[in-house]
Amino acid sequence: MPNIPDSLKKAFKSDKSGNIILPAARMVYASLFTATRPSKSETDPKRFQYANTVLVPAGADISALEDEIDRIFKENVPEAKRATTKWKRPILLTADQGTLAGYADDYPITLRANSKAFQKDGKPRPAPDVIDNAGNPVDKADEPQQTYNGRWCRMSLNPYWYPANDGQPGVSLGLVNVQLLYHDDPLAGGKVKASSDFEAIADADMADLDKEFA
């Protein structure tokens, strides 16, 4: 784990935008440049989403996000119903997240954020802005090399309330922008260099194989 400065360990609410800025975390399953289906069964491109999931390291402070989630809940649920209302919180335990559970000791919290690729009227929404640590835009052509599973990043979020249309109501994390930070080893099935998988084969061994299969 890189030596993360204190300024990147704490979530805060931006005075400029009002968005919640997360601490440095490791991205997985990012689709920041090309919208993808929100579920395997979804076939309508108009319902596709940009998305990013992050593993939040132990010791990071996300209290600003927790406070915003609680504020949104109280704003949308009358006080008399708060104790009995079942609702979905977007702060997830990594230990409960299937293939990610093995990272729970170092990254106990998982956060999933997304933004719809289209508005209700069918007009396209812009993709999240993606910048590097110096503030330079990241080119879409560099997506595979820059947004692999395990890359460190920061996200800006716009949490919002969604009603109980098909189940429980709750708070969702709207994905706004992403800043790419440190490179690190790939996680959760991310792309690994071939040199990490294979040892070099001596020329003499190759010559023997050539003779055998000639």
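The first residue of the sequence shown is numbered 1, and numbering continues consecutively from there.
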Fill in the blank from the handout: Applying side-chain contact (heavy atoms from CB on, under 4.5 Å) to Pro108 and not counting sequence neighbours gives Ala58

Where do [X] and [Y] come nearest, in terms of heavy atoms and distance?
{"X": "Ala101", "Y": "Ala95", "value": "CB-O, 3.5 Å"}
{"X": "Glu42", "Y": "Arg37", "value": "O-NH1, 3.2 Å"}
{"X": "Ile20", "Y": "Ala64", "value": "CD1-O, 4.1 Å"}
{"X": "Pro57", "Y": "Ala24", "value": "CD-O, 3.3 Å"}
{"X": "Asp61", "Y": "Ser63", "value": "OD1-OG, 2.7 Å"}
{"X": "Val171", "Y": "Pro159", "value": "CG1-CB, 4.1 Å"}

In Å and rounded to the nearest 0.5 Å, what is the [atom1] to [atom2] distance from [X] to [Y]?
{"X": "Asn3", "Y": "Tyr182", "atom1": "CG", "atom2": "OH", "answer": "8.0 Å"}
{"X": "Arg154", "Y": "Gln179", "atom1": "CZ", "atom2": "CD", "answer": "4.5 Å"}
{"X": "Thr147", "Y": "Met27", "atom1": "OG1", "atom2": "CE", "answer": "6.0 Å"}
{"X": "Leu100", "Y": "Leu93", "atom1": "CG", "atom2": "CG", "answer": "12.5 Å"}
{"X": "Asn19", "Y": "Glu68", "atom1": "CG", "atom2": "CD", "answer": "9.5 Å"}
{"X": "Lys123", "Y": "Phe118", "atom1": "NZ", "atom2": "CZ", "answer": "13.0 Å"}

Problem - salt_bridge(Glu143, Lys140) N-O dist < 4.0 Å - result: no

Handout entry: Lys9 atom NZ: more than 12 heavy-atom contacts under 6.0 Å
Key = yes

Problem - Asp15 atom CG, neighbour heavy-atom count above 12 within 6.0 Å - result: no

Look at the side-chain heavy atoms of Ile, Leu, Val, Met, Phe, Trp and Tyr, link any pair under 4.5 Å apart, and say whether [X] and [Y] land in one connected group.
{"X": "Leu173", "Y": "Leu92", "value": "no"}
{"X": "Phe33", "Y": "Tyr148", "value": "no"}
{"X": "Leu55", "Y": "Leu157", "value": "no"}
{"X": "Tyr29", "Y": "Leu187", "value": "yes"}
{"X": "Met155", "Y": "Leu181", "value": "no"}

Exercise for the section: Could you check Val178 against Val138 for side-chain contact (heavy atoms from CB on, under 4.5 Å), going step by step and ending with a plain yes or no? Expected result: CA-CA 10 Å; Val178 175; Val138 175; over 6 Å; no

Does a side-chain heavy-atom distance below 4.5 Å link [X] with [Y]?
{"X": "Leu22", "Y": "Leu65", "value": "yes"}
{"X": "Tyr107", "Y": "Arg26", "value": "yes"}
{"X": "Gln146", "Y": "Val130", "value": "no"}
{"X": "Asn52", "Y": "Cys153", "value": "yes"}

Exercise for the section: Give a yes or no on whether the backbone of Ile72 and the side-chain of Asn76 come within a donor-acceptor separation of less than 3.5 Å. Expected result: yes

Handout entry: Asn177 side chain to Asp129 backbone, donor-acceptor under 3.5 Å
Key = yes

Problem - Partners passing side-chain hydrogen bond (donor to acceptor under 3.5 Å, both in side chains) against Ser31 (at least two apart in sequence or in another chain) - result: Thr36

Practice task
With sequence neighbours excluded, give me every salt bridge (Lys or Arg N to Asp or Glu O under 4.0 Å) pair touching residues 77-102.
Solution key: Asp70-Arg89

Exercise for the section: Scan Val54, Ile4, Leu8, Leu180 and name whichever one has a side-chain contact (heavy atoms from CB on, under 4.5 Å) with Trp152. Expected result: Ile4

Side chains of residues 109-116: which donor-acceptor partners sit under 3.5 Å, not counting sequence neighbours?
from, atom 1, to, atom 2, distance (Å)
Thr110, OG1, Thr94, OG1, 2.8
Arg112, NH1, Gln97, OE1, 3.3
Arg112, NH2, Gln97, OE1, 3.0

Problem - Residue pairs passing the ring pair (Phe, Tyr, Trp, His ring centres under 6.0 Å) test where at least one lies in residues 45-95, sequence neighbours excluded - result: Phe73-Trp87

Fill in the blank from the handout: Apart from Phe12 itself, its cluster of hydrophobic side chains linked below 4.5 Å comprises Ile21

